[in-house]
Amino acid sequence: MNTLPREFYLRDTVTVAKELLGKRIVRKVGRTEISGTITETEAYRHRDDPASHAHRNVTERNKVMFGKVGISYVYFTYGMHYCFNIVAKNKKTRAGAVLIRAVRPEKGIRAMQKNRRQDSVRNLTNGPAKLTQALQITKEQNGLDLTSDSKLRVTEGTDRKKAIIASPRIGIREATDKLWNFKILI
DNA sequence: CCCTAGATTTACT
DNA sequence: GTAAATCTAGGGC
């Protein structure tokens, strides 16, 4: 399956968040391939988005969001969880990323069940910190180039276009008026 | 099914 | 100091 090119991510963050629905994340750990289709995303921008990590200045944590598009931004939160984002923004914007909130498991379900210590396929990747655990993504994968890395990529999907549901983003207190959470039905 | 509480570390108010 | 782009277990219905 074709890996998405850099230009895919060089557009408005909100546009890319919608476009990523139905695309596929492919992770390789040793000889095991783990993959899933993206079913839920959220856009986080820069100056106009008080809920974004990059709303203020560059810090050690958020610096990837100010860099090249198509790079992974993995951050640690709530004392125990990792979340996986992809840097995306148009040329005029300094910072932005798309949070991957849910995927539908495809290849490597056995490995995911082991990683999650959980048998129920429904509960494998239906949350931002669940899918990082299932795909073995930690801060080690922060800053990888998703357009060329051998162990973590985003490729075209096989799904037909489906209706997109837009909602307020989850778990934030600011900018709840922006409908920048996007999902497709499973 | 729903709800609430507790876990546990980082980053920056 | 404290809030955080969250999850799970445990109890009630």
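Numbers restart at 1 for each chain; the letters A, B, ... are given by sequence-line order, proteins then strands. Just so you know, these numbers come straight off a predicted model, no measurement behind them.
Among the nucleotides C/dT6, B/dC12, B/dT10, the one closest to the side chain of A/T59 is B/dC12. Comparing C/dC7, B/dC1, C/dA5 against the side chain of A/K130 picks out C/dC7 as the nearest. Checking C/dT6, B/dA11, B/dC1 against the side-chain heavy atoms of A/R61 singles out B/dA11 as nearest. The side chain of A/R173 has C/dA4 as its nearest neighbour among C/dA5, B/dT13, C/dA4.
Between the CD atom of A/E42 and the P atom of C/dT6 there is a distance of 7 Å, given to the nearest Å. Rounded to an integer number of Å, the gap from A/Y75 OH to C/dA3 P is 18 Å. Rounded to an integer number of Å, the gap from A/N126 CG to C/dT8 C1' is 12 Å. Atoms NZ (A/K139) and C1' (B/dT8) sit 14 Å apart, rounded to a whole Å. A/Y73 places its OH atom 15 Å from the P atom of B/dT10, with the value rounded to the nearest Å. If you take OH of A/Y82 and P of B/dT9, they are 11 Å apart, rounded to a whole angstrom. For the pair A/R45 CZ and C/dA5 P, the interatomic distance rounds to 18 Å; values are reported in whole Å. Atom pair A/F84:CZ and C/dA5:P shows a separation of 18 Å (rounding to whole Å applied).
Position along DNA chain C of the nearest nucleotide to A/Q118 versus A/I172 favours A/I172 as the more 5'-ward residue. Between A/N62 and A/M80, the residue whose closest nucleotide on DNA chain B is further toward the 5' end is A/M80.
Test A/T132, A/L135, A/I38 against A/I100 for side chain to side chain contact (heavy atoms under 4.5 Å, CB included) and you get one pass: A/I38. Among A/M112, A/Q141, A/K107, A/R153, the one residue that satisfies the side chain to side chain contact (heavy atoms under 4.5 Å, CB included) test with A/R27 is A/Q141. Just one residue in the list A/L21, A/I165, A/T41 forms a side chain to side chain contact (heavy atoms under 4.5 Å, CB included) with A/I184, and that residue is A/L21.
The base-pairing partner of B/dA11, taking Watson-Crick or G-U wobble contacts with both distances under 3.5 Å, is C/dT2.
The shortest side-chain heavy-atom distance between A/M1 and A/T158 falls under the 4.5 Å cut-off.
The shortest distance between the side-chain N/O atoms of A/R116 and the OP1/OP2 oxygens of C/dC7 is not below 4.0 Å.
Aromatic ring centres of A/Y44 and A/H55: separated by at least 6.0 Å.
With centroids closer than 5.5 Å and planes inclined by less than 30 degrees as the test, A/Y44 and the base of C/dA5 pass as a stacked pair.
Counting distance only, with no hydrogens placed and no angle test, the side-chain atoms of A/Y78 and the base atoms of C/dA3 include no donor-acceptor pair under 3.5 Å.
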